[in-house]
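Notes to accompany the following structure.
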Amino acid sequence: SCYLLEKEDDEFLYVKDLCSEDEGEFKITKKSLNLSAIRSREVGKSTLICELIYFGNTWWQCGMLLENKVRPENGRICGRT
C-alpha cells in the first residue's frame, strides 16, 4: 500500500494509508526499516510504498520499501487524484 508519513519519534514512524477507504493509521517500528534508504524522508511530504505485517503487537515493514515525495502541483498521491 501507499502511506503518508505523518510524524516520527525515536522508535516509530506514524503513517496514514492513502489507498484505504477508511484511511487507516499505522505505527511502524523503526527496527524493521532500512532508515538509510529513506533518510531524505520529510513529515507530511514523504510517501512510503511497502507492505506491513502485524507481529508482537507492532507493525513491521517487510520486503521492498520505496519512498516518494508528494507533489501537490500534479494533484496526485499514489495514483489517486
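None of the values given here were measured: they were computed from a predicted structure.
Between Ser46 and Ser40 the shortest heavy-atom distance is OG-O, 4.3 Å. Residues Arg41 and Leu13 share a closest heavy-atom pair of NE-CD2, 4.0 Å. Closest heavy-atom contact between Leu5 and Val15: CA-CG1, 4.1 Å. The two residues Glu25 and Glu6 come nearest to each other via the heavy atoms OE2-OE1, 3.5 Å. Asp17 and Cys2 get closest at one heavy-atom pair: OD1-O, 3.4 Å.
Taking the side chain as every heavy atom from C-beta outward, Tyr14 and Asp9 approach each other to under 4.5 Å. Under the 4.5 Å side-chain criterion, counting only non-hydrogen atoms from C-beta, Leu33 is in contact with Leu65.
Atom-to-atom distance recorded for Trp60:CH2 and Thr29:OG1 is 5.0 Å, nearest 0.5 angstrom. Note that CD of Glu67 is 12.5 Å distant from NZ of Lys45, once rounded to the nearest 0.5 Å.
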Worksheet item: side chain to side chain contact (heavy atoms under 4.5 Å, CB included) between Ile28 and Leu52: does it pass, once the steps are laid out?
Response: CA-CA 8 Å; Ile28 307 169; Leu52 301 178; 3.6 Å; yes
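Lys30 pairs in a side-chain hydrogen bond (donor to acceptor under 3.5 Å, both in side chains) with only one of the listed residues (Gln61, Glu8, Glu11), which is Glu8.
Checked by atom type, the side-chain pair Lys69/Thr47 shows no donor-acceptor distance below 3.5 Å.
Considering only residues two or more places apart in sequence or on other chains, Ser32 meets the side chain to side chain donor-acceptor pair (under 3.5 Å) condition with none of them. Partners of Phe26 according to the ring pair (Phe, Tyr, Trp, His ring centres under 6.0 Å) rule, which considers only residues two or more places apart in sequence or in another chain, are Tyr3, Trp59.
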